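Note: hydrogens, waters and symmetry copies are ignored here, and every other heavy atom, side chains too, is used. For clarity, every value in this text was computed on a predicted model and none was experimentally measured. In what follows, residues are counted from 1 in the order of the sequence shown.
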Amino acid sequence: MTTIGFVVAIVAAVVSGVACFILGTKRAEEKIGTTISGAEAEAKRLVNEAIKTAEQKRKEAIVEAKDEAFKLKAEADKEIKERRSEISRQENRLDQKENTLEKKTAALEKKEEDLKKRAELVEARLAEIEQIKIRQLERLETLAGLSKEDAREVLLNKVDEELTHEKAVRIAAYETNMKDECDAIARTLIGQAVSRCAADHSSEITVSVVPLPSDEMKGRIIGREGRNIRALETATGVDLIIDDTPEAITLSSFDQTRREVARMTLEKLIGDGRIHPARIEETVEKCRHDLELQMKREGEKAVMELGVHGLHPDLVKLIGRLKYRTSFGQNALNHSMEVAWLSGLLASEMGLNVTQARRAGLLHDIGKALDHEIEGSHVQIGVDICRKYKENPAVIHAIEAHHGDVEPKTPLAFVVQAADAISAARPGARRENVESYIKRLENLEEISSSFEGVEQAFAVQAGREVRIMVKPDVIGDDQVIILARAVAKKIEETLDYPGQIKVNVIRESRATEYAK
């Protein structure tokens with residue numbers, strides 16, 4: 001194909017394409033025009049329908065609004081009418097109250113006037129009565145021959161006599177009822193406690209006997225020119241008595257600890273056979289250390305036996321020391337353990353804390369474990385020790401009150417006080433020398449005879465009872481009860497004694513005549 005022909009072909013193709021494009025564009029415009037005409041017609045139709053619907057809705061809304069407005073107006077009219085009626089009723093009610101108040105005010109004013117008149121009448125009447133009273137008193141003084149002060153004195157004496165009789169009767173009735181009830185309960189509780197606690201008692205003495213294997217050992221203990229026995233007495237502070245007693249040496253000392261150290265030392269020296277001053281001093285120091293350990297074991301044993309736990313180790317050690325302390329011949333540790341058992345038994349009967357009661361009973365005499373170098377009574381020393389080791393305040397109060405140094409304020413304090421008295425007053429528990437026994441009886445009779453109207457006083461039943469004979473012309477029947485109470489109170493405040501003392505006041509009138 002030639003170049004011209006190729007160009008002609010291309011031009012023809014281009015012309016053909018342009019013609020086709022123009023033709024297609026015209027057809028599309030015709031189609032779009034048709035579509036737009038239909039859409040406009042449809043839009044007009046929808047707008048007309050919407051206008052019709054909106055007009056209809058507007059008319060319906062207007063109708064509904066008118067109906068709602070009519071209803072609201074009707075309700076408002078009804079509410080206004082009801083409020084007007086309520087206001088009218090309240091106004092009527094207020095008018096009635098106002099009328100009532102006016103009537104009451106008038107009545108009160110009238111009553112006030114009447115009361116004023118009555119008060120004036122009463123004052124006048126009282127003045128008249130006072131005048132009559134004065135005239136009557138003057139007449140009575142004239143007739144009786146007594147002044148007003150004398151008559152008052154006579155009347156007061158009469159009232160005092162009547163009150164004394166009434167007081168005596170009331171005290172007697174109260175004491176009778178209280179004793180009947182308390183004695184029965186106390187006998188039951190104490191009887192049960194004592195019967196359940198049967199403790200052994202052995203009177204402690206001030207000497208110990210050390211057995212010897214032979215009398216030849218006495219010479220070895222004495223040593224050359226007595227140097228061994230002097231070394232023993234110097235190191236232990238104990239007197240060694242070597243007499244004709246066969247195969248025995250007696251150790252004498254009021255300090256049980258020293259006596260026990262000396263006994264242990266002698267036993268070790270006799271067993272070892274080497275007896276000389278240096279060996280004696282060495283053995284004494286070792287025995288003192290062993291005794292300290294033994295005291296601690298004794299304290300632990302007592303604590304475990306009683307079931308008292310949580311005690312400070314120093315308190316346990318002091319409890320063990322009580323084994324080598326005595327009070328009126330009674331071993332202090334045995335006494336403390338017995339008081340602990342009795343306190344626990346009494347506490348269980350009364351519904352108290354048994355463990356706390358045993359704890360207080362065990363510690364009540366802990367002050368006796370310390371040496372005499374510490375000042376103060378054993379009660380105060382024991383209280384200070386227990387406070388130092390943070391004991392329970394209830395236990396400390398029981399310790400402080402068990403001898404009446406302070407007034408018992410808790411049931412536990414009364415329990416420990418009773419248990420201590422039971423243990424101390426048990427027959428055979430303590431011994432008392434003749435001099436102190438006689439002195440106590442003399443003090444008891446002296447206190448009883450110090451009261452006015454007492455003729456004679458006798459201490460009987462080993463000081464457990466005092467019988468007082470009164471002068472019948474000085475002490476009346478009513479005053480006998482008051483005197484017995486006063487004597488008992490003074491004995492409690494003055495004397496120290498275990499258990500209780502019965503005060504028996506006897507008033508006797510005798511008339512003697514001879515037929516001739």
Side-chain angles (χ1 to χ4, degrees), residues 1-120 122 309-310 351-356 390-395 397 409-412:
M1 176 178 297
T2 61
T3 302
I4 297 173
F6 179 72
V7 172
V8 171
I10 291 171
V11 171
V14 170
V15 171
S16 176
V18 171
C20 290
F21 175 76
I22 293 171
L23 182 61
T25 300
K26 289 182 178 181
R27 290 180 180 175
E29 288 177 357
E30 292 176 359
K31 187 176 182 181
I32 290 169
T34 304
T35 303
I36 289 171
S37 301
E40 289 177 354
E42 182 66 21
K44 289 180 181 180
R45 186 182 63 80
L46 291 173
V47 168
N48 293 332
E49 290 180 359
I51 291 170
K52 292 179 180 179
T53 303
E55 185 67 20
Q56 186 177 358
K57 293 286 184 180
R58 185 179 67 80
K59 292 179 180 179
E60 292 176 358
I62 290 171
V63 172
E64 289 178 0
K66 289 182 178 179
D67 292 340
E68 186 68 22
F70 180 76
K71 290 180 182 179
L72 290 174
K73 185 176 180 303
E75 290 176 358
D77 293 341
K78 182 179 180 182
E79 185 176 354
I80 291 169
K81 186 177 181 181
E82 290 176 353
R83 287 187 180 181
R84 286 177 178 175
S85 301
E86 182 65 23
I87 290 170
S88 179
R89 287 195 297 270
Q90 288 180 358
E91 288 177 352
N92 294 333
R93 208 176 288 123
L94 289 173
D95 292 340
Q96 292 176 359
K97 286 183 178 181
E98 187 176 356
N99 294 332
T100 304
L101 285 174
E102 289 177 356
K103 292 179 181 178
K104 286 183 178 180
T105 303
L108 286 174
E109 290 176 354
K110 186 178 180 181
K111 284 184 179 181
E112 186 176 357
E113 293 177 359
D114 294 341
L115 287 174
K116 287 181 180 179
K117 292 180 181 179
R118 288 184 182 181
E120 293 174 356
V122 168
H309 303 292
L352 304 177
N353 189 325
V354 176
T355 303
Q356 191 178 68
K390 303 295 188 292
E391 269 298 319
N392 191 307
V395 174
H397 174 68
K409 297 180 181 179
T410 61
L412 178 62

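A 6.0 Å sphere centred on CZ of Arg84 holds no more than 12 heavy atoms belonging to other residues, nucleotides or ligands. Enclosure of atom CZ in Arg83 is not indicated, since only 12 or fewer non-hydrogen atoms of other residues, nucleotides or ligands lie within 6.0 angstrom.
Ion pair Lys73/Asp77 flagged as a salt bridge, since at least one NZ, NE, NH1 or NH2 atom sits closer than 4.0 Å to an Asp/Glu carboxylate oxygen. A salt bridge does not link Glu55 with Lys52: every distance from a Lys NZ or Arg NE/NH1/NH2 to an Asp or Glu carboxylate oxygen is 4.0 Å or more. Salt bridge Lys71/Glu75: absent, no basic N to carboxylate O contact under 4.0 Å.
Considering all non-hydrogen atoms of both residues, Lys409 and His397 come closest at N-NE2, 2.9 Å. Heavy atoms only, all atoms of each residue included: Ala394 and Leu412 are closest at O-CD2, 3.9 Å. Taking both residues in full, the closest heavy atoms of Asn353 and Thr355 are given as OD1-N, 3.1 Å, listed atom of the first, atom of the second, then distance.
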Going through the distances and angles, do Glu86 and Gln90 end up as a side chain to side chain contact (heavy atoms under 4.5 Å, CB included)? CA-CA 6 Å; Glu86 182 65 23; Gln90 288 180 358; 3.4 Å; yes
Verdict with supporting geometry, Arg45 and Glu49, salt bridge (Lys or Arg N to Asp or Glu O under 4.0 Å): CA-CA 6 Å; Arg45 186 182 63 80; Glu49 290 180 359; 2.7 Å; yes
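For the atom pair Asp114 CG and Leu108 CG, the distance stands at 11.5 Å (nearest 0.5 Å). To the nearest 0.5 Å, atom CD of residue Glu98 and atom CG of residue Leu101 are 8.0 Å apart. Going from atom OG1 of Thr100 over to atom CG of Asp95 covers 10.5 Å, rounded to the nearest 0.5 Å. Between atom CD1 of residue Ile87 and atom CG of residue Leu94 there is a gap of 11.5 Å, rounded to the nearest 0.5 Å.
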